[in-house]
Amino acid sequence: MQMGQLIVFTGPSGVGKGTLLRSLLESHPELELSISVTTRAPREGEIEGRHYYFVNREQFQGLIATGQLLEWAEFAGNCYGTPRTPVEEMIAQGKLVVLEIELEGARQVRETFPGALQLFILPPSPEELERRIRVRGQDSEEAIARRLHRAQVEIAAADEFDIVIVNDDFDRALEAIEMALFAPVS
Ligand SMILES: Nc1ncnc2c1ncn2[C@@H]1O[C@H](COP(=O)(O)OP(=O)(O)OP(=O)(O)O)[C@@H](O)[C@H]1O
Ligand SMILES: Nc1nc2c(ncn2[C@@H]2O[C@H](COP(=O)(O)O)[C@@H](O)[C@H]2O)c(=O)[nH]1
């Protein structure tokens, strides 16, 4: 059986990664989304095992100590990580596995899976990024400030990625992602 492929989506918080991915997964059932572990508290409507596996810090440390995370990072005061076993199993089954992760995690994956395709999603402007985080209405003022501060560092690292896509017009961004993932290479 053909080996699968790892696809990494990174970009500042609020740029629209999750929304783009939800749409992409609906029209491309061949894609599998990795479900991360986090110490962040669930937002309204988030479901255990669907959006994240929610754990406390001690449990998260245990996952690190026992090598169960493929990558992990601290972001805006919380820890996030990718469970190793499901991803490795899906790749062995020949699947296209998508990770939606922040910059430090993407850098770790670049070391351990150099064949992974890495995409970076940019906002059309810093002002629009802030507007989107606020419209989402899920984060405290403190969390918004931390995320916007971190966004500057992440955006400055966009050049590290294989493909950079600006999420201005949603449909155009989605089309650009589909081209990057599925257009045949000549
Ligand atoms: N092209 C777009 N134009 C306008 N609004 C958008 C666009 N794409 C996404 N949004 C909106 O921006 C908000 C943030 O999107 P989303 O939660 O998907 O971001 P994210 O990058 O996944 O954030 P995080 O990394 O914090 O999870 C949502 O309200 C979403 O509907
Ligand atoms: N390094 C990792 N980053 C992850 C993972 N899962 C999500 N994330 C990123 O964290 C921020 C914040 O997410 P939010 O749900 O609190 O808004 C965002 O950039 C995600 O892409 C992970 O497993 N590893």
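When a residue number appears, it is its place in the shown sequence, counting from 1. Atoms within each ligand, like the ligands themselves, are counted from 1 in listed order.
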Worksheet item: Contact between R40 and ligand 2, counting heavy atoms under 4.0 Å?
Response: yes

Fill in: Cationic N near anionic O, under 4.0 Å, E74 to R57
yes

Worksheet item: Do other residues, nucleotides or ligands put more than 12 heavy atoms under 6.0 Å from R50 CZ?
Response: no

Practice prompt. Output the list of atoms in ligand 2 that are nearer than 4.0 Å to some heavy atom of E102, sorted by atom number.
Written response: 1 (N), 2 (C), 3 (N), 4 (C), 9 (C), 19 (O), 21 (O)

Fill in: Residue, atom name and distance, where the atom is the protein heavy atom closest to atom 8 (N) of ligand 2
E100 O, 3.6 Å

Discussion item. Can you see whether Q68 engages T66 through a side-chain donor-acceptor pair at a distance of less than 3.5 angstrom?
Written reply: yes

Practice prompt. Around atom 6 (N) of ligand 2, find the nearest protein heavy atom and jot down its residue, atom name and distance.
Written response: S36 OG, 3.0 Å

Item to complete: List the closest protein heavy-atom neighbour of atom 18 (C) of ligand 2: residue, atom name, distance to the nearest 0.1 Å.
Response: K17 NZ, 4.2 Å

Worksheet item: Starting from atom 5 (N) of ligand 1, which protein heavy atom do you reach first, and at what distance in Å?
Response: R132 NE, 3.5 Å

Item to complete: Would you mind checking which non-hydrogen protein atom is closest to atom 24 (N) of ligand 2, with the distance to 0.1 Å?
Response: E71 OE2, 2.7 Å

Worksheet item: Hey, is Y52 one of the residues with a heavy atom under 4.0 angstrom from ligand 2?
Response: yes

Discussion item. With nothing but distance in play, are any N or O atoms of R147 less than 3.5 Å from an N or O of ligand 2?
Written reply: yes

Item to complete: Output yes when the distance from some N or O of ligand 1 to some N or O of G16 is under 3.5 Å, and no in every other case.
Response: yes

Worksheet item: Any N or O on W72 sitting closer than 3.5 Å to an N or O of ligand 2?
Response: no

Item to complete: Assess Q138 for proximity to ligand 2: is some non-hydrogen atom of it under 4.0 Å away?
Response: no

